Structures are given as structure tokens and as C-alpha cells.
Amino acid sequence: AAESTEAEAEGAEGEGPDQAQEPGEPVDSVEPEEDPSAAESADTPQEPSDAVGVAEALGISDIQISYVDYFTSASYQQGEYFSLDAKPGNIFVILNFNVTNNTAEEVQCNIMGKKPVFALEINDNAGIRNQVTALSNDMSTYQGAIGAGKTEAAILLFEVPEDTAASITSLGMSVLTDGEAKRVALE
């Protein structure tokens, strides 16, 4: 995983459906039968053998979702109109992904319809839920057509304490959809 730091990146905050816990708060464990809005934390910095690809975890076919890298920033901005600032003492960890259509035809990609909850584990600590935004490139709310052989950029935004972000040595992630949490490979 590569790291870069930028002063600005992009942002606009929104509320996801049925999210009882505040985004950015640690998620200690997943109890899908009782709390479908929680996500399980990863338990090792190395991807375990049961880790799956992001698209597979989301139950999406014809699309490949690849982790690219991450960066940290105190704010995230898209154009001149959307800006999101981390709370005092916090910073955003922004994960970049490529969403690729490897087919010969245009494909509709509706990640938002899956109502995913992503949890990022930093240095083997409890998972932090993603911020849900109205940004066009927010992977958790992504909807759109992707042309044959085309790739779209997407992000996931996590608000974490500054001291945690300053000492990242490993990242893990899980995604919860349809009451089932799956560990995903960040390679």
C-alpha cells in the first residue's frame, strides 16, 4: 500500500440508511443477525486466505474493483462546491480504488443499492466505519454505467485520530452487505 499526503482531496457528508453508529467510530465486532449496520474488523495486516476481492464481497459481477493506494488529509474537497473537514484531532484516511469493466459491453454498476458498510482496520485495531458522502466517486454510494474496458476512480473516506494515521503500518478492510461481513483483500 502506497501513502501520499495531500492538503485537499474531496468531500460532502451524507447519511447512509440504517446507520445507528456514527461513521468514523470503531466497530468492535459484527453481529449480522442483530446489527446489520456494523462491520467486522480485520484481524491481521496480511490478507488471510479467506479474504475476497471487493467486487466479490459486494456480490458484483462483470466489474473488478482494485485497491490502488491511500493518502491522509485534514480535509477532502471536490471542485469548488463540496468540502469536508475532519473534526479537531482527527484526519481522513482516503483509500483509492479503480472500478473496471473488463467486458465488451457497457455495464451498470450500482454499489449504493447493496447498502455496503466498509470497516477499515489500521495496525490491528478495531475497524473504523467509512464516511458516507454524496460524492460522485464515493465507492459506497457509486451508481453509474461503466463503458466496455473502461475504468472509473473511486474512494472510501475514513475519519481517524491523527496519531493513528501518523503511524500506519498495516491496513485491513471488511465489507458488510445483506447482513454478512466479508474480509476483503487490499493488494
Side-chain angles (χ1 to χ4, degrees), residues 1-14 16 23 39 42 45-73 75-79 82-84 91-122 127-160 165 168-178 181-187:
E3 175 184 1
S4 62
T5 302
E6 292 184 7
E8 295 180 344
E10 169 167 8
E13 188 170 23
Q46 297 80 24
E47 296 305 335
S49 59
D50 63 343
V52 298
V54 179
E56 182 180 343
L58 292 168
I60 296 175
S61 59
D62 299 329
I63 296 288
Q64 177 183 357
I65 301 174
S66 306
Y67 169 73
V68 177
D69 61 9
Y70 77 93
F71 64 96
T72 60
S73 178
S75 64
Y76 196 75
Q77 183 172 339
Q78 181 177 49
F82 293 107
S83 181
L84 185 61
I91 196 163
F92 292 121
V93 175
I94 299 127
L95 276 59
N96 292 302
F97 294 87
N98 284 330
V99 182
T100 303
N101 174 2
N102 289 322
T103 72
E105 297 180 11
E106 181 177 273
V107 173
Q108 291 295 321
C109 182
N110 182 7
I111 296 173
M112 186 169 90
K114 302 287 185 176
K115 300 178 183 172
V117 175
F118 295 91
L120 179 67
E121 177 193 86
I122 298 174
I128 302 291
R129 289 170 46 116
N130 64 296
Q131 296 282 325
V132 177
T133 74
L135 298 169
S136 61
N137 67 338
D138 183 332
M139 190 162 69
S140 68
T141 59
Y142 188 88
Q143 290 182 322
I146 301 175
K150 300 293 182 186
T151 297
E152 299 289 335
I155 58 106
L156 285 173
L157 194 72
F158 300 88
E159 187 172 351
V160 303
I168 295 174
T169 59
S170 65
L171 295 175
M173 193 169 77
S174 63
V175 61
L176 179 78
T177 57
D178 297 325
K182 294 184 181 176
R183 295 183 49 82
V184 296
L186 293 179
E187 301 175 338

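Source: prediction; values computed, not measured.
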Chemist: I'd like to check N130 versus M139 (side-chain heavy atoms, cut-off strictly below 4.5 Å). Are they in contact?
Modeler: no
Chemist: Looking only at non-hydrogen atoms, find the nearest pair between A51 and A185 and report the distance.
Modeler: CB-N, 3.9 Å
Chemist: Are M173 and L156 side-chain neighbours, meaning at least one heavy-atom pair lies under 4.5 Å?
Modeler: yes
Chemist: Let me confirm one number: the OG-NZ distance from S140 to K115, rounded to the nearest 0.5 Å.
Modeler: 13.5 Å
Chemist: Using distance alone, with no hydrogens and no angle criterion, decide if S66 and Q64 have a side-chain donor and acceptor under 3.5 Å apart.
Modeler: yes
Chemist: State, to 0.1 Å, how close K182 and E56 come at their nearest heavy-atom pair, and which atoms those are.
Modeler: NZ-O, 4.1 Å
Chemist: From M112 CE over to Y142 OH, what is the distance, rounded to the nearest 0.5 angstrom?
Modeler: 12.5 Å
Chemist: Got a second to check how far Y70's OH is from L95's CG, nearest 0.5 Å?
Modeler: 9.0 Å
Chemist: Sub-3.5 Å donor-acceptor pair from the side chain of T141 to the main-chain atoms of V132, do we have one?
Modeler: no
Chemist: Starting at CZ of F118, measure out to CG of L120 and round the result to the nearest 0.5 Å.
Modeler: 11.5 Å
Chemist: Hey, are the side chains of I65 and V184 touching, using non-hydrogen atoms and a 4.5 Å cut-off?
Modeler: no
Chemist: Quick one: are I91 and V160 in side-chain contact, heavy atoms under 4.5 Å?
Modeler: yes
Chemist: With heavy-atom distances below 4.5 Å as the criterion, would you say the side chains of L84 and E159 are in contact?
Modeler: no
Chemist: Which heavy-atom pair separates C109 from V99 by the least distance, and what is that distance?
Modeler: SG-CG1, 4.4 Å
Chemist: Scan T100, V107, T103, V54 and name whichever one has a side-chain contact (heavy atoms from CB on, under 4.5 Å) with I63.
Modeler: V107
Chemist: Do the non-hydrogen side-chain atoms of L186 and F97 ever get within less than 4.5 Å of each other?
Modeler: yes
Chemist: Please name the pair of heavy atoms, one in A119 and one in G127, separated by the smallest distance, quoted to 0.1 Å.
Modeler: CB-CA, 4.3 Å
Chemist: If you measure from CD1 on I94 to CD on Q131, what distance do you get to the nearest 0.5 Å?
Modeler: 10.5 Å
Chemist: Is a side-chain N or O of N101 found less than 3.5 angstrom from the main chain of G147, in a donor-acceptor match?
Modeler: yes
Chemist: Does D178, at its CG atom, have more than 12 non-hydrogen atoms belonging to other residues, nucleotides or ligands within less than 6.0 Å?
Modeler: no
Chemist: Can you check whether V175 reaches L58 side chain to side chain, under 4.5 Å on heavy atoms?
Modeler: yes
Chemist: Do S136 and Q78 come within less than 4.5 Å of each other through their side chains, counting heavy atoms only?
Modeler: yes
Chemist: In Å and rounded to the nearest 0.5 Å, what is the CG to CD1 distance from L157 to I128?
Modeler: 12.5 Å
